[in-house]
Number of protein chains: 2
Amino acid sequence: MFPAMRVKISGLDPHQQYYIAMDIVPVDNKRYRYVYHSSKWMVAGNADSPVPPRVYIHPDSPASGETWMRQVISFDKLKLTNNELDDQGHIILHSMHKYQPRVHVIRKDCGDDLSPVKPIPSGEGVKAFSFPETVFTTVTAYQNQQITRLKIDRNPFAKGFRDSGRNRMGLEALVESYAFWRPSLRTLTFEDIPGIPKQGNNLICKRNKLI
Amino acid sequence: MFPAMRVKISGLDPHQQYYIAMDIVPVDNKRYRYVYHSSKWMVAGNADSPVPPRVYIHPDSPASGETWMRQVISFDKLKLTNNELDDQGHIILHSMHKYQPRVHVIRKDCGDDLSPVKPIPSGEGVKAFSFPETVFTTVTAYQNQQITRLKIDRNPFAKGFRDSGRNRMGLEALVESYAFWRPSLRTLTFEDIPGIPKQGNNLICKRNKLI
DNA sequence: TAATTGGCACCTAGGTGGTAACAT
DNA sequence: ATGTTACCACCTAGGTGCCAATTA
């Protein structure tokens, strides 16, 4: 998933151990199609049947609150797939659906049975955070030239496809309109429910069998 | 350092947390030179003045005894240098000296002030293990064509220098004579002092400013 | 003379979008 | 007609020995 989700956390007990994890849940019960002439995603029927739920446990887990709060927490190793039989531990999603990533902060004593293939426990000592501006639509091929340009211009691994110099015009405005691309980080505060919903921006993810 | 040190550990308390670390200590107070016609390392004076001691803390630290015992513990990220002013946290050694790597198993409560630039604490809850067959001589350029061949034939990153096919004769015997290259792992048992000294084999390490 | 350094070509390992072929 | 896949060239990032130049 590019760009990767990145967060900062405050309000943890420095000496308490925590797991941090991410899962990705459907935004609604719909399947979408992209209408080129209006540049919009439109409902195209009901969602496909549910897929096995998966959890990405941040590889630094478990770690102390002090450790988590000292660094920017990046989920750049999280992988997506549309293969329901995946055995690589990747998060399984349907293509052409809308999804919401969620960050989970789990006190160690509540997360010792945490597993990539089991739902995240709930209750005291477990908090979930959703940032509405990170909602995205899954695809296997980009539907929109602006998204392709953003991907190419922002991802170091796509440098080989960059337009050298010309055609740069309009990029800044484009970045502005997709909130997730802004360099700012969201900050989670463990004791509060964060994030007054802002205007949702769709972020499109794709990769091969990975969506 | 190639080949990397790899160990298995048994006898830990599965539910206890441990740090695992490595340091590298001088074998003697001598400096060496390689005598080509006799294919031997000879004493060439007294050792250079001591360098700042450094510790490599295994990146999986701290972890439970269960975790440590389940896996082969590899030190393949450990780096050496001959630069006494190094600021990358590498282990500092003199070239043309003999060294002994040591593996340290440190109960978490005894290692919370562990640092790459501080000596390893000693006492109850800390055990050190040395394997005499891993003694090596530091160089900045190989002194011996057999060593060069071993390095090239065994290291995936040196594939570009391999002799395709011919000249393979004699490699197996060469591997045999350098104990450290054998695929076997040494097993540490936490409660025992391991390793009846075997015939020492010199393993030669080099890399640029890294020795 | 012997030891060391820095730049190089050559690898491993893996993350990109493009594109043609394939599937639905 | 649309969505998906497999393979490709092109990158990033970093670990090798080689070799010519430099240093002591």
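Only heavy atoms go into these numbers, but all of them, side chains included; no hydrogens, no water, no symmetry mates.
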Rounded to whole Å, the CD-C1' distance (B/Gln143 to D/dG17) equals 15 Å
Atom CZ of B/Arg162 and atom P of C/dC11 are separated, to the nearest Å, by 11 Å
Spacing between B/Phe157 atom CZ and C/dG14 atom P, to the nearest angstrom = 10 Å
Can you check whether B/Ser95 has a side-chain N or O nearer than 4.0 Å to OP1 or OP2 of C/dT4?
-> yes
Considering only heavy side-chain atoms of A/Asn82, the closest of D/dT4, C/dA9, D/dC11 is D/dT4
Cationic N near anionic O, under 4.0 Å, B/Asp76 to B/Arg6 | no
Grab the CZ-P distance between B/Arg31 and D/dA24 for me, whole Å please.
-> 14 Å
Can you tell which of C/dT4, D/dC18, D/dG3 lies closest to the side chain of B/Thr148?
-> D/dC18
What is the distance from atom OH of A/Tyr18 to atom CG of A/Asp60, rounded to the nearest 0.5 Å?
-> 16.0 Å
Around A/Asp113, counting heavy atoms of other residues, nucleotides and ligands shown, do more than 12 lie under 6.0 Å from its CG?
-> yes
Calculate the interatomic distance between B/Leu85 atom CG and C/dT5 atom C1'; express it in whole Å.
-> 16 Å
May I ask you to verify if any side-chain N or O of A/Asn83 is less than 4.0 angstrom from the OP1 or OP2 atom of D/dT4?
-> no
The nucleotide from C/dT16, D/dG17, C/dT4 with an atom nearest the side chain of A/Asn155 is C/dT16
Phosphate contact (D/dG15 OP1 or OP2) by B/Lys79 side-chain N/O below 4.0 Å = yes
Which one, D/dG3, C/dG18, D/dG17, comes nearest to the side chain of A/Ile152?
-> C/dG18
When you check the phosphate oxygens OP1 and OP2 of C/dT12, does a side-chain N or O of B/Lys159 lie under 4.0 Å from one of them?
-> yes
With A/Gln100, the side-chain hydrogen bond (donor to acceptor under 3.5 Å, both in side chains) member among A/Thr134, A/Asp28, A/Asp23 | A/Thr134
